[in-house]
Protein chains: 2
Amino acid sequence: MEFFPSSLDNLIDCFARLPGIGRKTAQRLAFFVLRLPKEEAAAFANAILEARESVRYCNICQNLTDGDICSVCASRKRDGSVICVVADPKDVAAIERARDFNGLYHVLHGVISPMNRVGPDDIKVKELLARVNRGGIAEVIMATNPDTEGEATAMYISRLLKPLGVKVTRLAYGIPVGSNLEYADEATLFRALEGRREM
Amino acid sequence: MEFFPSSLDNLIDCFARLPGIGRKTAQRLAFFVLRLPKEEAAAFANAILEARESVRYCNICQNLTDGDICSVCASRKRDGSVICVVADPKDVAAIERARDFNGLYHVLHGVISPMNRVGPDDIKVKELLARVNRGGIAEVIMATNPDTEGEATAMYISRLLKPLGVKVTRLAYGIPVGSNLEYADEATLFRALEGRREM
């Protein structure tokens, strides 16, 4: 692509390096940026620097934060005796959106995955153990994804936690609200029957 | 989205403002940027500033350039007596890729479109007339898109140019190379028959 000025080519390259952005889309985005008012282009550049610079892991729960401690851990309204363990900061956002959970979180930043060479030491497991060891924790809810790796990670961590005398629970399996029985897979139906409750 | 640190939210907002980028994609891109090495994030931010700052219109052909004059206009190997008129810098890139045209370009930066309130004064028509008036131009090839607005723009400009004693031509219509007659639309087939040549 030697047909555009080099600074434009360079910007197209930057966009094209983003995940899921092809060459044509990168071109479209770069042309859009060229047409932005100067202040907006500067604000965009600054947002990149700012986020990359200031976002770090919360000292307590390892979630993303601008400061030393995230807003959930800093809140006095949350129940500090319950920890919900998730794989990713996006999962925290998903659970917060449900507005039901009032405890704290622990973000693992990944799951154990031998296929991808991710072991227990590559995710924030020892930080979780240290938190529980410090005491005051009554329950740890394992909220990793219900897939093979999420399952295995939950199993692995629960085995480490149980000897510490803490209650370890797992999110319930079952049919999703608003879904259709006809399209539910067998494993889900099996778990939904198994976990049935009296009405 | 109050569940992410504000600087991350801000970056997600910036990405979400780009055309064709939804909220989920913006999140994915922002998380990718967070995980970039510091130098690469800085290079990305800089590419935005640099492109927005240094890209301007070529003094001669109005194509995008980093300097005063674009590389095509600056080249001594190009035939300065032929001007190919296109609507957009991306069209210059498309024609250059064909490696066949050796003249210069003129980029209109748009087409006349009463529906979108774009008149002849909103695109680079008078710059083209001034170039032709300066003399030394033998032919002007109208290479706007073969749609209603591109057609109308080509017609309008050709009427202004003809009194100046310059030859005005239009790109040939016909069936695209490698395509299938079965799927060609009627207007294209009509033009292809009309423009048939002896073999």
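Only heavy atoms go into these numbers, but all of them, side chains included; no hydrogens, no water, no symmetry mates. Here is how names work: the chains are called A, B, and so on, in the same order as the sequence lines, proteins then strands, and each is numbered from 1.
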Aromatic centroids of A/Phe31 and A/Phe4 separated by under 6.0 Å: yes
Heavy-atom cut-off 4.5 Å, strictly under: side chain, backbone, both or neither for A/Phe32 against chain B? side chain
Within the side chain of [X], is there an N or O that forms a donor-acceptor pair under 3.5 Å with the backbone of [Y]?
X: B/Asn116; Y: B/Val118; answer: no
X: A/Arg28; Y: B/Pro19; answer: yes
X: B/His109; Y: B/Lys124; answer: no

Counting heavy-atom pairs under 4.5 Å with chain B, the top scorer among A/Leu49, A/Thr25, A/Asp13 is A/Leu49
Based on non-hydrogen pairs under 4.5 Å, which of A/Arg35, A/Glu53, A/Glu40, A/Lys38 is most in contact with chain B?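 Of the options given, most contacts go to A/Lys38.
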So what's closer than 4.5 Å to chain A heavy atoms on B/Val92: side chain, backbone, both or neither?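 It is neither, since no heavy atom gets under 4.5 Å.
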Taking every heavy-atom pair that is under 4.5 Å apart, which of B/Asn63, B/Asp66, B/Thr65, B/Leu11 has the most such pairs with chain A? B/Asp66
Heavy atoms of other groups near A/Asp185 CG, more than 12 under 6.0 Å: yes
